[in-house]
S.K.: 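Starting off with a structure, shown below.
Here is how names work: the chains are called A, B, and so on, in the same order as the sequence lines, proteins then strands, and each is numbered from 1.
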Number of protein chains: 2
Amino acid sequence: MAKFKLDEVDHQILDMLIENTRIPFTDIAKKLLISAGTVHVRVKKMEEAGIIIGSSLTLDYGKLGYSFIAYVGVFLNKTSQTTFVLERIAQIPFVTVAHVTTGKFNIFCKIRAKDTNHAKNIIFLLDDIEGVYRTETMISLEESINDKKRLMHSIFQDLV
Amino acid sequence: MAKFKLDEVDHQILDMLIENTRIPFTDIAKKLLISAGTVHVRVKKMEEAGIIIGSSLTLDYGKLGYSFIAYVGVFLNKTSQTTFVLERIAQIPFVTVAHVTTGKFNIFCKIRAKDTNHAKNIIFLLDDIEGVYRTETMISLEESINDKKRLMHSIFQDLV
DNA sequence: GGTGAAACTTCTAATAA
DNA sequence: TTATTAGAAGTTTCACC
């Protein structure tokens, strides 16, 4: 996987777009003292290079009534069942992330729910999947850090 | 926390914007057979209500050379040190998410790194924080599910 | 609530430097 | 690679349903 070289201007553009994808290119151009056309060309290049995959809204799920977050570690009877179990997990609503992992768990999920009772139902669905031996739940009491901009800065400082 | 009522049209608008925040309102309007002005007003209302917090780019960090993902559980000597330790964690680069959790760990982090060696350095920084008793790392072999659209659908089906 | 059209802003691609 | 430019496209407002 070839590494794409980002220069300072690319970094600044990404920085602003990570914070707000709808910021006009003209605004970015003004701040960086370049032309809007340049911003356009650079963004297009990063899209073509596959650096920028897409864009998404950030929603306040709490305001919609879904403020419960938990991580669920899944233990399997046999590792060979991983693919099968993942397919089943993909059918369960409110599972937002799933990773195959080394270490303690075989599969590691993140769920978002209304409350503990709602979460219980989701976890029961996970437990019920054939091949799942047991699960272990960690409830999030507080999401302290969740910042894409931080990662971008870490990467850019690292690359320099 | 008051729950905001989303109707079918709001849901469809969010659905399209979650997939691509830069899709023109005129396109959304065409697909939903409403006017662009209506889309604009609805989005504005959801922004004012705090449902839509912002928008962000999705980047391929792998293409930038950062394809290593791990979850790190942190054990503390005393729970009362949580705030202090979180402040320290916030200083460590490449830690992208941190939660205070119940269950096995006191704090739960997600990190993104270049490779195992790079990750090791990050984990050592976590281990070195005063009050951290030990850490436990789970390396992601594969991110199988990571889909905001799924969550939106789960929520909307639940609300109906 | 929503519409449609006007006024305004931004995007985008071609040209030129 | 970047700037300029100009026509196309998108956004936003508002009088009127």
S.K.: For residues 32-44 of chain B, run the donor-acceptor check on the side chains, cut-off 3.5 Å, and write out each pair with its distance to 0.1 Å, sequence neighbours left out.
M.R.:
unit_1  : atom_1 : unit_2  : atom_2 : d
B/Ser35 : OG     : B/Thr38 : N      : 3.2
B/Ser35 : OG     : B/Thr38 : OG1    : 3.0
B/Arg42 : NH1    : B/Asp7  : OD1    : 2.7
B/Arg42 : NH1    : B/Asp7  : OD2    : 2.8
B/Arg42 : NH1    : B/Asp10 : OD1    : 3.0
B/Arg42 : NH1    : B/Asp10 : OD2    : 3.4
B/Arg42 : NH2    : B/Asp7  : OD2    : 3.3

S.K.: Are B/Lys63 and B/Asp60 close enough for a salt bridge, meaning some N to O gap below 4.0 Å?
M.R.: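 Yes, charged N to carboxylate O under 4.0 Å.
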S.K.: Produce a footprint string for nucleotides 11-17 of chain C: one letter per nucleotide, 5' end first; B if the base is under 4.0 Å from any protein heavy atom, S if only the sugar-phosphate is, - if neither.
M.R.: SSS----
S.K.: Please identify each residue that fulfils ring-ring contact (aromatic ring centres under 6.0 Å, His included) with B/Phe75, with sequence neighbours left out.
M.R.: B/Phe105
S.K.: Return the residues of residues 46-57 of chain A meeting this criterion: a heavy atom under 4.0 Å from some atom of DNA chain C. Order them by number, or give none.
M.R.: none
S.K.: Please name all residues satisfying salt bridge (Lys or Arg N to Asp or Glu O under 4.0 Å) with B/Asp158, sequence neighbours left out, ordered by chain then number.
M.R.: A/Lys114
S.K.: Test of understanding: with side chain to side chain contact (heavy atoms under 4.5 Å, CB included), list the residues that count as partners of B/Ser80, not counting sequence neighbours.
M.R.: B/Lys78
S.K.: For residues 25-34 of chain A, which residue pairs pass the side-chain hydrogen bond (donor to acceptor under 3.5 Å, both in side chains) check, not counting sequence neighbours?
M.R.: none
S.K.: For B/Phe84, what residues pass the ring-ring contact (aromatic ring centres under 6.0 Å, His included) criterion, not counting sequence neighbours?
M.R.: none
S.K.: Among all residues two or more places apart in sequence or in another chain, which pass the ring-ring contact (aromatic ring centres under 6.0 Å, His included) test with B/His118?
M.R.: B/Phe94
S.K.: Anything under 4.0 Å to a heavy atom of chain A counts; send over the first and last such nucleotide of DNA chain D, read 5' to 3'.
M.R.: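 Endpoints of the contacted stretch of DNA chain D: D/dT1 to D/dT11.
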S.K.: B/Ser140: which residues meet the side chain to side chain contact (heavy atoms under 4.5 Å, CB included) condition with it, sequence neighbours left out?
M.R.: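 Checked B/Ser140 against side chain to side chain contact (heavy atoms under 4.5 Å, CB included); matches are A/His99, B/Ile69.
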S.K.: List for me each residue that meets side chain to side chain contact (heavy atoms under 4.5 Å, CB included) alongside B/Lys120, sequence neighbours excluded, and say none if there are none.
M.R.: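 With neighbours one apart ignored, the set is B/Asn117, B/Phe124.
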S.K.: Is any side-chain N or O of B/Ser35 closer than 4.0 Å to OP1 or OP2 of C/dG4?
M.R.: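 For C/dG4, OP1/OP2 do not have a side-chain N/O of B/Ser35 under 4.0 Å.
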